[in-house]
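If you're wondering where the values come from, they're calculated on a predicted model, not measured in any experiment.
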Amino acid sequence: MNAYTTIDQRRIQIASETPALRKSELGQFMTPMSIANFMASLFSPLDNKAIRLLDPGSGIGSLAAAFALRAHYEKCKSLEAEIWEIDPNLYTPLMETLMECQNRFQESSIPFKFFMRAEDFVHANPDKTITHAILNPPYRKISSNSEHRKALRQAGIETTNLYSAFVALALLNLKDGGELVAITPRSFCNGPYFKTFRKMILDHSAIRRIHIFERRNHAFKGDDVLQENVIFHLTKGAVQGDVVISSSLDATFLGMNISTVPFSRVVMPDDPETIFYLIAQDEDPLVEKGTRFYLRTLDDLGITVSTGPVVDFRMRNYLKQDIEDGCVPLIYPFHFVDGFISHLKIESKKPSGILDNEATRKWLMPAGDYVVVRRLTSKEEKRRIVPAVFDHTKFHADRVGFENHLNVFHAKKHGLNLLVAKGLAIYLGSTFVDKWLRRFNGHTQVNAGDLRAMRYPDLETLMQWGLEVNDTFPPQEKIDALVEGKFNEQAG
């Protein structure tokens with residue numbers, strides 16, 4: 001039985017014995033050896049190097065062991081490992097793993113030491129002579145008034161999740177030229193909450209490689225991990241060059257696709273959101289053509305997108321089940337019907353109206369024509385972006401309320417030209433836009449920041465497409481033909 005099998009059996013046993021509530025409290029998902037071995041393989045050659053390894057949130061030591069086995073095989077000069085783990089239930093199996101590594105090194109007379117740190121990594125100060133860091137950090141949100149958040153702010157790190165906090169701390173404590181390999185949720189690649197984290201990565205390191213799992217939830221299969229995961233390799237203080245993008249269906253890494261792309265394909269030049277665009281394999285020709293043709297920003301078009309301002313549970317005293325005198329329509333995601341917003345014959349426990357008065361007016365928008373997009377889509381829906389047009393002529397009200405689970409396209413908090421709104425909904429509902437979004441959005445939530453980061457056709461094109469919409473939207477084939485026809489003509 002080889003070392004990988006022994007550690008994996010230990011991991012499976014511990015995982016089966018650990019209550020789900022305990023895992024959730026710690027954000028704990030232990031690394032399968034197939035993933036640990038792959039992650040260890042991403043580092044530069046280790047032969048004849050004096051290595052200081054950091055493994056924060058080590059669990060039972062799978063990552064440290066995979067790295068140590070590679071370092072031993074390549075005959076490193078020496079290896080010192082700084083191992084952090086806060087869960088006392090894991091200390092015995094973790095020590096067993098580390099002792100197995102130590103025995104292997106003793107047989108070959110390569111110096112090996114490890115230092116167990118039974119402390120919270122966020123609150124402590126690691127050794128700043130670290131040359132390599134390998135980590136599967138805990139996945140758990142950090143509340144804004146927590147001790148973790150305060151400690152991170154003192155370190156100059158602003159983030160909302162422990163996984164990005166661990167990566168940021170590890171990166172800051174690497175020596176220049178040091179390398180970091182981590183597996184984390186893909187959620188940091190876009191959205192406002194991780195913008196500071198993305199900027200920190202770009203300011204302090206060069207991205208060498210990113211690996212994508214094409215199947216959701218397969219990196220930690222059996223652990224009920226809801227996020228899509230990625231593995232990335234960074235070098236601190238290095239000059240950014242091309243990036244290797246690889247993908248596999250799951251954690252077996254069979255049939256892996258590998259391509260090398262310019263960094264500008266991962267982070268678009270001058271993108272204020274610093275979104276990371278990830279492509280599972282060679283660029284889709286459809287996306288490649290479209291991104292070269294549709295170049296307008298929303299600012300260029302005079303259009304803004306923002307989250308629906310009405311948070312219903314905070315305004316429950318002003319909500320009405322039916323639209324009564326003094327009420328205006330309140331729009332929810334379930335009001336989407338065939339590309340339009342419809343308030344008719346929809347049975348729901350949610351309120352249909354909101355009072356229009358001094359207390360609510362700043363949360364309402366004037367009557368006009370808008371495009372709205374669901375912020376959350378179900379896994380079963382074919383498209384990440386589901387748009388609908390709010391046509392004010394179908395509603396008899398001076399104002400309208402858009403609930404917080406919607407993104408709203410508007411012109412400085414006023415309506416759009418109706419043809420522009422219809423054309424914009426056609427564009428957002430196209431296969432091209434869906435594929436573009438999936439390059440950087442690895443989950444079912446669509447943020448206003450994601451929509452701002454995209455590029456759009458000019459107003460004339462949107463109005464031309466708007467003419468194709470009367471009381472119903474064209475079928476998907478016609479929508480795709482309109483959107484793709486424009487840049488295919490240009491390419492031809």
Would you please test N145 and R149 for side chain to side chain contact (heavy atoms under 4.5 Å, CB included) and show each step? CA-CA 7 Å; N145 58 353; R149 198 68 172 267; over 6 Å; no
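- No side-chain donor-acceptor contact under 3.5 Å links Y91 to the backbone of I60.
- The shortest distance between side-chain heavy atoms of L174 and T235 does not fall below 4.5 Å.
- Taking both residues in full, the closest heavy atoms of A448 and S306 are given as CB-CA, 4.2 Å, listed atom of the first, atom of the second, then distance.
- L46 places a side-chain heavy atom less than 4.5 Å from the side chain of H132.
- Contact detail for V408 and G308: the closest heavy-atom pair is CG2-CA, 4.2 Å.
- T184 and Y139 share no side-chain donor-acceptor pair at under 3.5 Å.
- Atom CH2 of residue W436 and atom CG of residue D450 lie 12.0 Å apart, to the nearest 0.5 angstrom.
- At distances below 3.5 Å, not a single donor-acceptor pair connects side-chain atoms of E82 with backbone N or O atoms of L54.
- L234 has its side chain out of reach of R208: every pair of non-hydrogen atoms, C-beta onward, lies at least 4.5 Å apart.
- With S205 contributing its side chain and I201 its backbone, the two residues share a donor-acceptor pair below 3.5 Å.
- Every residue two or more places apart in sequence or in another chain that forms a ring pair (Phe, Tyr, Trp, His ring centres under 6.0 Å) with F232 is listed here: F188.
- Between A66 and A36, the shortest heavy-atom distance links the atoms CB-O, 3.4 Å.
- Heavy atoms from other residues, nucleotides or ligands lying under 6.0 Å from OH of Y73 number 12 at most.
- Annotation for R198 and T274: closest pair NE-O, 2.8 Å, computed over non-hydrogen atoms.
- With hydrogens and angles ignored, the 3.5 Å screen pairs a side-chain donor or acceptor of N161 with a backbone N or O of Y163.
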Can you list the steps and then say if Y370 with F409 is a ring pair (Phe, Tyr, Trp, His ring centres under 6.0 Å)? CA-CA 6 Å; Y370 301 91; F409 288 85; over 10 Å; no
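- The backbone N or O of G429 lies less than 3.5 Å from a partner atom in the side chain of Q476, making a donor-acceptor pair.
- Geometric assessment of R265 against the ring of Y277 yields a negative cation-pi assignment under the 6.0 Å and 45° thresholds.
- Among residue pairs with one or both ends in residues 40-50, those qualifying as side-chain hydrogen bond (donor to acceptor under 3.5 Å, both in side chains) are S44-E179; sequence neighbours excluded.
- Taking 4.5 Å as the limit, every side-chain heavy atom of W84 sits out of range of all side-chain heavy atoms of D120.
- In this structure, F253 and F38 have parallel ring planes: the angle between them is below the 30° cut-off, well short of the 60° mark.
- In terms of heavy atoms, A182 sits closest to V167 at CB-CG2, 4.2 Å.
- The two residues S246 and I258 come nearest to each other via the heavy atoms CB-CG1, 3.9 Å.
- The aromatic rings of H211 and F213 sit perpendicular to each other, their planes meeting at more than 60°, with 30° as the lower class boundary.
- To the nearest 0.5 Å, atom CZ of residue F194 and atom CE of residue M200 are 13.5 Å apart.
- For the residue pair D55 / S58, a side-chain donor-acceptor distance below 3.5 Å is found, with atom types taken as modelled.
- For the residue pair D300/T297, the side-chain donor-acceptor check at 3.5 Å is satisfied.
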Show your working on side chain to side chain contact (heavy atoms under 4.5 Å, CB included) between L482 and I426 and close with a plain yes or no. CA-CA 9 Å; L482 288 170; I426 279 184; 4.1 Å; yes
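- The main-chain N or O of R52 is found under 3.5 Å from a side-chain atom of T131 such that the two form a donor-acceptor pair.
- For the atom pair CG (L63) and CD1 (I183), the distance works out to 8.5 Å, reported to the nearest 0.5 Å.
- In this structure, E74 pairs ionically with R70, as a charged nitrogen and a carboxylate oxygen lie closer than 4.0 Å.
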Test log, rule side chain to side chain contact (heavy atoms under 4.5 Å, CB included), inputs I231 and I35: CA-CA 9 Å; I231 295 170; I35 291 179; 4.1 Å; yes
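- L162 is not listed as a side-chain neighbour of F121, based on a closest heavy-atom distance of 4.5 Å or more.
- In terms of the side-chain hydrogen bond (donor to acceptor under 3.5 Å, both in side chains) criterion, residue partners of K199 (sequence neighbours excluded) are, by chain and number, D203.
- Using modelled atom types, one finds no donor on one side chain facing an acceptor on the other under 3.5 Å when comparing T304 with H410.
- Here F197 contributes atom CZ and L202 contributes atom CG; the two are 10.0 Å apart, rounded to the nearest 0.5 Å.
- Side-chain N/O atoms of D242 and T260 include no donor and acceptor closer than 3.5 Å.
- Between F114 and L79, the closest side-chain pair of non-hydrogen atoms is not below 4.5 Å.
- Considering only heavy atoms from C-beta on, L171 comes within 4.5 Å of H204 through its side chain.
- In this structure, CG on N89 lies 9.0 Å from OG1 on T92, to the nearest 0.5 angstrom.
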Should V372 and F402 be marked as a side chain to side chain contact (heavy atoms under 4.5 Å, CB included) after you check the CA-CA gap, both sets of side-chain angles, and the distance that decides it? CA-CA 9 Å; V372 289; F402 292 106; 3.6 Å; yes
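- Checked by atom type and distance alone, the side chain of E85 pairs as donor or acceptor with a backbone atom of D87 at under 3.5 Å.
- Within a 6.0 Å radius of CZ in R209, more than 12 heavy atoms belonging to other residues, nucleotides or ligands are found.
- Side-chain atoms of K236 do not come within 3.5 Å of backbone N or O of G178 as any donor-acceptor pair.
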Mind running ring pair (Phe, Tyr, Trp, His ring centres under 6.0 Å) on H405 and Y332 for me, showing each step along the way? CA-CA 7 Å; H405 287 86; Y332 281 90; 8.1 Å; no
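- Atoms CG and OG, on N447 and S187 in that order, are 10.0 Å from each other to the nearest 0.5 Å.
- D434 places a side-chain N or O within 3.5 Å of a backbone atom of R384 that can act as its donor or acceptor partner.
- By the neighbour-count criterion of 12 heavy atoms within 6.0 Å, atom CZ of F105 is densely surrounded, having more than that number from other residues, nucleotides or ligands.
- Counting only distance, with no hydrogens or angles, the side chain of D480 and the backbone of S430 share no donor-acceptor pair below 3.5 Å.
- Using modelled atom types, one finds a donor on one side chain and an acceptor on the other under 3.5 Å when comparing T159 with S164.
- Side-chain contact between T160 and I142: absent, with no pair of heavy atoms (C-beta onward) separated by less than 4.5 Å.
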